[in-house]
Enquirer: 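Below is the structure I would like to discuss, written out as structure tokens.
Numbers here simply count residues along the sequence, with the first being 1. One-based numbering, in listed order, for ligands and for the atoms of each.
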Amino acid sequence: MNNHIKHKIMVLSGKGGVGKSTVSVNLATALAEEGFKVGLIDIDIHGPNVAKMLGIGDKKLEATPKETILPIKVFPNLSAVSIANLVDLSQPVIWRGPLKQKMIEQFVKDVEWGDLDYLIVDSPPGTGDEPLSALQIIGDMDGAIIVTTPQGVSTMDAMRSAVFVQKLNSQVLGIVENMSYFVCPNCGQRVYLFGEGGGESLAKELDTDLITRIPQNPELMRLSEDGKPASLYMRGTEMEAVFKELAGYVIKKLKNEKEEDKPNE
Ligand SMILES: Nc1ncnc2c1ncn2[C@@H]1O[C@H](COP(=O)(O)OP(=O)(O)OP(=O)(O)O)[C@@H](O)[C@H]1O
Ligand SMILES: [Mg+2]
């Protein structure tokens, strides 16, 4: 197998449901839109959502004669793998650590990714088996994007995820604050449903950047349910802009030398 992957990024959070999968999917599609070749691994074995959010929930992973795995092509330069493309989703996956580790190892080592500019890894919440295995197996991860909502119960848990990343000799690339505010459809006023400033103070504490703030928008959620990433299906809106901002940040942050960061041919 001949994989050449330039950059590997993990998306993490302390608390569940804050938008990791949303950020992973839209970062991946926004980077693919820029012409980069992108792979997305869903290592959330007990709650895999990436396949549904990308509209590939009904596709099944196929093995090659060499017993490697073909990732599912979402569009020409975006591929993804998730346990959702392997098992019956109406049944829980009841696995202990070693089996989960084996699965993650296969998703990293046995998938025919080919040449990728970016590999994005979507994690379950917290600092358990799955992100630990992924960080250890991938080894040369460029770093992690930490997703949080603005309130203290989320930023406090996000801080632990950041320390986890640093303890494993990787770096925090920046913070994404999700569900930052809701724009009232009647008067256009911003309503801060979960408070204000949590992402910014977390970024300050960690001496990193608050990359972007994603508003709360029911349209993003509805589109997600239908497998339509907001970065592609909410053109000309603030939503498209925040995901472009996120992709632009990642490209710039990981650009070491100009030559290195041209899209793979
Ligand atoms: N900015 C937003 N506006 C509206 N809905 C959102 C927003 N961000 C996420 N959601 C919705 O909130 C739910 C949780 O988001 P998501 O699945 O991305 O979180 P997660 O952190 O990956 O969750 P888990 O911890 O279970 O993996 C989803 O239904 C998603 O569509
Ligand atoms: Mg998720």
Enquirer: Which bit of V23 gets closer than 4.0 Å to ligand 1, counting heavy atoms only: side chain, backbone, both or neither?
Expert: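 For V23, no heavy atom sits under 4.0 Å from ligand 1.
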
Enquirer: Report the nearest protein non-hydrogen atom to atom 7 (C) of ligand 1: residue, atom name, distance rounded to 0.1 Å.
Expert: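 Among all protein heavy atoms, the one nearest atom 7 (C) of ligand 1 is L220 CD2, 3.4 Å.
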
Enquirer: Would D140 and K8 pass as an ion pair if we require N to O under 4.0 Å?
Expert: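 Yes, this pair counts.
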
Enquirer: Which residue holds the protein heavy atom closest to atom 17 (O) of ligand 1, what is that atom called, and what is the gap in Å?
Expert: M53 CE, 3.4 Å

Enquirer: Of the non-hydrogen atoms in P218 and F182, which two are nearest, and what is the gap between them?
Expert: CD-CE1, 3.9 Å

Enquirer: Starting from atom 19 (O) of ligand 1, locate the nearest protein heavy atom and write down its residue, its atom name and how far away it is, to 0.1 Å.
Expert: G19 N, 3.0 Å

Enquirer: Atoms of ligand 1 less than 4.0 Å from S224 heavy atoms?
Expert: 31 (O)

Enquirer: Checking the side chain of N26 only, and the main-chain atoms of T22 only, is there a donor and an acceptor separated by less than 3.5 Å?
Expert: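 Yes; at least one donor-acceptor contact below 3.5 Å.
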
Enquirer: Could you tell me which atoms of ligand 1, counted from 1 in the order shown, lie closer than 4.0 angstrom to a heavy atom of M221?
Expert: 5 (N), 29 (O), 31 (O)

Enquirer: Return the residue, atom name and 0.1 Å-rounded distance of the protein heavy atom closest to atom 12 (O) of ligand 1.
Expert: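 Looking only at protein heavy atoms, the one closest to atom 12 (O) of ligand 1 is M179 CE, 3.9 Å.
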
Enquirer: Is it true that P125 lies under 4.0 Å from ligand 1, counting heavy atoms only?
Expert: yes

Enquirer: To check your reading of the model: name the closest protein heavy atom to atom 27 (O) of ligand 1, its residue, and the distance in Å.
Expert: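 The protein heavy atom lying closest is D44 OD2, 3.4 Å.
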
Enquirer: Using a 4.0 Å cut-off to any heavy atom of G16, which atoms of ligand 1 qualify?
Expert: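 Going through ligand 1 atom by atom, the ones under 4.0 Å from G16 are 25 (O).
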
Enquirer: Looking only at protein heavy atoms, identify the closest one to atom 8 (N) of ligand 1 and say how far it is in Å.
Expert: N178 ND2, 2.9 Å

Enquirer: Under 3.5 Å between any N/O of K20 and any N/O of ligand 1: does that happen in this structure?
Expert: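 N/O-N/O distance below 3.5 Å exists for this pair.
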
Enquirer: Start with the C-alpha gap between K6 and D117, add the side-chain angles, then the distance that decides, and say whether salt bridge (charged side-chain N to carboxylate O under 4.0 Å, His left out) holds.
Expert: CA-CA 5 Å; K6 282 188 190 165; D117 296 297; 3.4 Å; yes

Enquirer: Can you run down the salt bridge (charged side-chain N to carboxylate O under 4.0 Å, His left out) pairs that involve residues 52-74, sequence neighbours left out, and say none if there aren't any?
Expert: K66-E112

Enquirer: Sub-3.5 Å donor-acceptor pair from the side chain of E240 to the main-chain atoms of G236, do we have one?
Expert: yes

Enquirer: Give me the atom names and distance for the closest heavy-atom approach of F107 to S82.
Expert: CZ-C, 3.7 Å

Enquirer: Looking only at heavy atoms, what is the nearest atom pair of L232 and E33, with distance?
Expert: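 In this case the closest contact between L232 and E33 is CD2-CG, 3.3 Å.
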
Enquirer: Which heavy atom of the protein is the closest neighbour of atom 4 (C) of ligand 1, given with residue, atom name and distance?
Expert: N217 O, 3.1 Å

Enquirer: Test your reading of the structure: does S21 have an N or O sitting under 3.5 Å from an N or O of ligand 1?
Expert: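 Yes, S21 has an N/O under 3.5 Å of an N/O on ligand 1.
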
Enquirer: Would you check the N or O atoms of S13, main chain and side chain alike, for any that come under 3.5 Å of an N or O of ligand 1?
Expert: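 The answer is no, given that S13 and ligand 1 share no N or O pair closer than 3.5 Å.
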
Enquirer: Answer with yes or no whether the side chains of T155 and T148 bring together a donor and an acceptor at under 3.5 Å.
Expert: no

Enquirer: Should the proximity of D122 to ligand 1, defined as any heavy atom under 4.0 Å, be assigned to the side chain, the backbone, both, or neither?
Expert: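 Neither part.
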
Enquirer: Kindly say whether F36 contributes a backbone atom to a donor-acceptor pair with the side chain of N77 at under 3.5 angstrom?
Expert: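 Judged by distance alone, yes, a pair lies under 3.5 Å.
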
Enquirer: Taking the side chain from D42 and the backbone from S123, do they hold a donor-acceptor pair closer than 3.5 Å?
Expert: no

Enquirer: Is there a polar contact, in the sense of an N or O pair closer than 3.5 Å, between G47 and ligand 1?
Expert: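 Between G47 and ligand 1 (N or O atoms, distance only) the closest approach is not under 3.5 Å.
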
Enquirer: Determine, considering heavy atoms only, which of G17, S180, G14, P218 sits nearest to atom 24 (P) of ligand 1.
Expert: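 Ranked by closest heavy atom to atom 24 (P) of ligand 1, first place is G17.
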
Enquirer: Take a 6.0 Å sphere around CD of E200 and say whether it holds more than 12 heavy atoms from other residues, nucleotides or ligands.
Expert: no

Enquirer: Can D122 and S24 be counted as having a side-chain donor-acceptor contact under 3.5 angstrom?
Expert: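 Yes - a donor-acceptor pair under 3.5 Å links their side chains.
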
Enquirer: Please work out, at 4.0 Å between heavy atoms, whether the side chain, the backbone, both, or neither of P215 comes within that distance of ligand 1.
Expert: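 Contact part for P215 vs ligand 1: backbone (N, CA, C, O).
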
Enquirer: Indicate yes or no: does E238 engage R190 in a salt bridge with an N to O separation below 4.0 Å.
Expert: yes

Enquirer: How far apart are the closest heavy atoms of G19 and V147, and which atoms are they?
Expert: C-CG1, 4.1 Å

Enquirer: Of the protein's non-hydrogen atoms, which lies at the shortest distance from atom 18 (O) of ligand 1, and what is that distance?
Expert: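 Looking at atom 18 (O) of ligand 1, the protein heavy atom closest to it is T22 OG1, 2.5 Å.
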
Enquirer: Within less than 2.8 Å of the Mg ion (ligand 2), how many protein N/O/S atoms are there?
Expert: 1

Enquirer: Would you mind checking if R222 and E219 are paired as a salt bridge, meaning a charged N to carboxylate O distance below 4.0 Å?
Expert: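 Judged by the 4.0 Å cut-off on N to carboxylate O distance, E219 and R222 do form a salt bridge.
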
